[in-house]
Amino acid sequence: MKVIIIGGGWSGCAAAITARKAGAQVVLYEKTDMLIGLGNVGGIMRNNGRYTAAEELINLGAGDLINITDRNTRHRNIEFPGHGHAWLYDVNKVEPEVRKLLQNLGVELHFMNRVVDVEKDKNKIVGLYISDGNYVKGDVFIETTGSTGPMGNCLRYGNGCSMCILRCPAFGPRVSISARAGVEDLQGEREEDVYGAFSGSCKLCKESLSEELLKEIEEKGAVVLKVPPEDINIDKLKLKVCQQYALREFAENIILLDTGHIKLMTPFYPLDKLRKIKGLEYARFLDPYAGGKANSIRYLSVAPRTDDMKVKGLENLFCAGEKSGLFVGHTEAMSTGALAGHNAVRYFLGMPLLILPKVTAIGDIISYANFQMATKEGRRKRYTFAGAEYFKRMKDIGLYSTDNAEIEKRIEKLNLKDVMNQKLI
Amino acid sequence: MNYEVRDCIDAGSEYCPCHLAESGECILCSQLRDKNFCDCINWKGVCIYQEFVWNGQKAKEGRKEIQCVLLNKEFIYDDLALFTISVPHKLAKELTSPGSFVFLRNPISDHFFSTPISIMDVNVEENRIVLALEVKGIKTKNLNLINEGEKILVRGPFWNGILGLKNLYKSKDGTSIVTTRGIGQAPIVPVLKKLYANGNKIYVILDKNPYKDIFIKKYLDLYNCELITTTLIDENGEIASEFKRILLSILKNEQVNIIHSSAADIINYNVLNLIGETIDFSCCNNAKMCCGEGVCGSCSVKNKYFDIERSCKLQIDPRNILEGRRLL
């Protein structure tokens, strides 16, 4: 049985792992030369409700990637406005480890292979076309191409290509595979009929910070700096993907986190204004390179799906990550990816597909985000364990917990302990 | 067939985006065709939409006519002449690739006398181009009125004179076959040069009809080609049996990487049918061209795979254009 995964970001990697553990032959196509996609410039784990989800993943038997990010954590349990107990992984360490893990598991990796079209037989995908014209066949497909970019979208719905980690101009743009298979994409909105949203943070080059400031950040993990009053721009919060960071504090302050680079919690920030702030006089952007004017645009390509992560209207296409909803974050990508990978194998074997119960945070967010996608207001929201509306919901319905034993019991009670560790074939 | 690697010969050049983009007909970009979102299944390395927006939401200026001098007119037969034209260095440089052509016009004639002629040879040191002109109809007769030393208008560069360029470029260190007939000899010269530069042994199967002799002999020697002269097509319009035998025998005995056919579409199509799917193929683009900029529509092609496209710009494997083609 051959599962083909399109896209090697966090969700694609998570899907590859669970599908492989369930016993399938797994082939992953990635258009760039690196795995984990935007994870190469992210780094925030276990903050707020993400802690619960990370522990759930471990107990479900899909904690492989969490283990890697935990192992490569630079700062544990730091606080910054709106966020408790955040762990920051080192973005310069994680990708090679993920690559090694997938290789050791026997996942067949194809880098710099851009999937551009599908061959269908009725409602079933039978094969994929790579941009060089090659054709590959598979039994089940998982689309994790994300919803970010490419340049045309970043231009039409944003401030143009900002040269982000996806490097579309160099490796070619992502193509929506579900759309090629005839299932129309849904879009997130940031305002009334304004589609897409900006990625929520940039990275500064460490060496460009003053010695003093760098020392402070490296010690504390997070530093908050005041924005000069004349430069405060509340409207900019509307632009952001990450509503958990769309707080007043984020407009009045600059929040810097140490994730190996220095993460600046704003979609973009004019360089001359940034350099007015003490300690940042020599600042320069590392990601996106043009962080002074723009950032990537996301949520333009969400596939309609059911709660088992199967794309509606197609028999054998699953999806995960941003492709599967207006999700934000690595943990969310790993959660949806793990379920998609596991269910791909169940589908092939004719087993009932796993739908995670709503008494788990992961099961609840998957179903809640799906339900919300159907409403106009819902399409203007983002779904993350880390904040905004969904974290509130987690607390309200008692899903939020930082008690490992309690979370373990939760999964055990559902008879789901290590479910994704089982070999099915 | 579902996905096809299609390309626009002008994409990413200084002439892109063109009028097609301006009117929502871009061959490659979904944002400049019928969608509001990116769907880059055929990506050439530049975002055409971005170029379009940055160019003020309008097409780049097209090619201009340049006043050049007709240096030499060498008549091989009464109705076949080699024109040597002195052109600016930039234009000469841009006309070196296989499939290059220009539009020529006599300055005393109207714009619609402009006629596309393939480049046979380029000298980038002395900035000269050589073209074979078949004096046949109203436009070529008109060009023939120009005397040596007089002005001639050249519009270019254009590049889509060959379909399947990708196949041609990737053929290296093997055996290649080039079949040609009549005036089709002229545009194979840059093809031979490319194949030779890529280390291929070249067989040229040549039908000199309707001329008495070969007019590219010099180049066949230069690129070390093995020449076989025969008839490509019989009176009934069928592929000649002798030609078929020669072609199949080379295919049987050698590892052939490409067959390039430079003749009428009926011959190109028959050669394609004869060789099947296994060998790469390229051929001359025989579409009638008038503006070369995707506007006039005279080069439109339509087949069972796609609706109307402009073949002055559409670069595609000839299999996908000749098969199922309507109005062959």
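Because the structure is a prediction, the values reported are computed rather than measured. The basis for the numbers below is simple: all heavy atoms, side chains too, and nothing from hydrogens, waters or symmetry mates. Letters go in sequence order (proteins before strands), and every chain restarts at 1.
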Visitor: For the residue pair A:Arg180 and B:Ile41, what are the closest heavy atoms and their distance?
Guide: NH2-CD1, 3.5 Å
Visitor: When you look at OH of B:Tyr169, are more than 12 heavy atoms from neighbouring residues, nucleotides or ligands closer to it than 6.0 Å?
Guide: yes
Visitor: More than 12 heavy atoms of other residues, nucleotides or ligands under 6.0 Å from CE of A:Met163: is that the case?
Guide: no
Visitor: Could you tell me which portion of A:Asp185 (side chain, backbone, both or neither) has an atom closer than 4.5 angstrom to a non-hydrogen atom of chain B?
Guide: neither
Visitor: Nearest heavy-atom pair of A:Asn153 and B:Asn36: which atoms, and what distance?
Guide: OD1-O, 4.2 Å
Visitor: Considering only heavy atoms, which portion of A:Tyr157 lies under 4.5 Å from any heavy atom of chain B: side chain, backbone, both, or neither?
Guide: side chain
Visitor: Look at atom NZ of B:Lys252 and say whether more than 12 heavy atoms of other residues, nucleotides or ligands are closer to it than 6.0 Å.
Guide: no
Visitor: Looking at B:His19, I want to see if its NE2 is surrounded by more than 12 non-hydrogen atoms of other residues, nucleotides or ligands under 6.0 Å.
Guide: no
Visitor: How long is the gap from CD on A:Gln187 to CZ on B:Phe37, to the nearest 0.5 Å?
Guide: 3.5 Å
Visitor: Is it the side chain or the backbone of A:Ile177 that comes within 4.5 Å of chain B heavy atoms, both, or neither?
Guide: neither
Visitor: Name the one of B:Cys47, B:Cys38, B:Cys40 that satisfies side-chain contact (heavy atoms from CB on, under 4.5 Å) with A:Pro173?
Guide: B:Cys40
Visitor: Measuring heavy-atom distances to chain A, does B:Lys166 have an atom under 4.5 Å in its side chain, in its backbone, in both, or in neither?
Guide: side chain
Visitor: If you count the non-hydrogen atoms of other residues, nucleotides and ligands that lie under 6.0 Å from NZ in B:Lys193, is the total more than 12?
Guide: no
Visitor: Does any heavy atom of chain A fall under 4.5 Å from the side chain of B:Asp317, the backbone, both, or neither of them?
Guide: neither
Visitor: Answer yes or no: does atom NZ of B:Lys170 have more than 12 heavy-atom neighbours from other residues, nucleotides or ligands under 6.0 Å?
Guide: yes
Visitor: Counting only heavy atoms closer than 4.5 Å, note whether A:Cys168 contacts chain B via side chain, backbone, both or neither.
Guide: backbone
Visitor: Quick check: are there more than 12 heavy atoms from other residues, nucleotides or ligands sitting under 6.0 Å from CD of B:Gln57?
Guide: yes
Visitor: State whether the number of non-hydrogen atoms from other residues, nucleotides or ligands found under 6.0 Å of A:Glu184 atom CD is greater than 12.
Guide: no
Visitor: May I ask you to list the residues in residues 142-151 of chain A that approach chain B closer than 4.5 angstrom, counting heavy atoms only, ordered by number?
Guide: A:Pro150, A:Met151
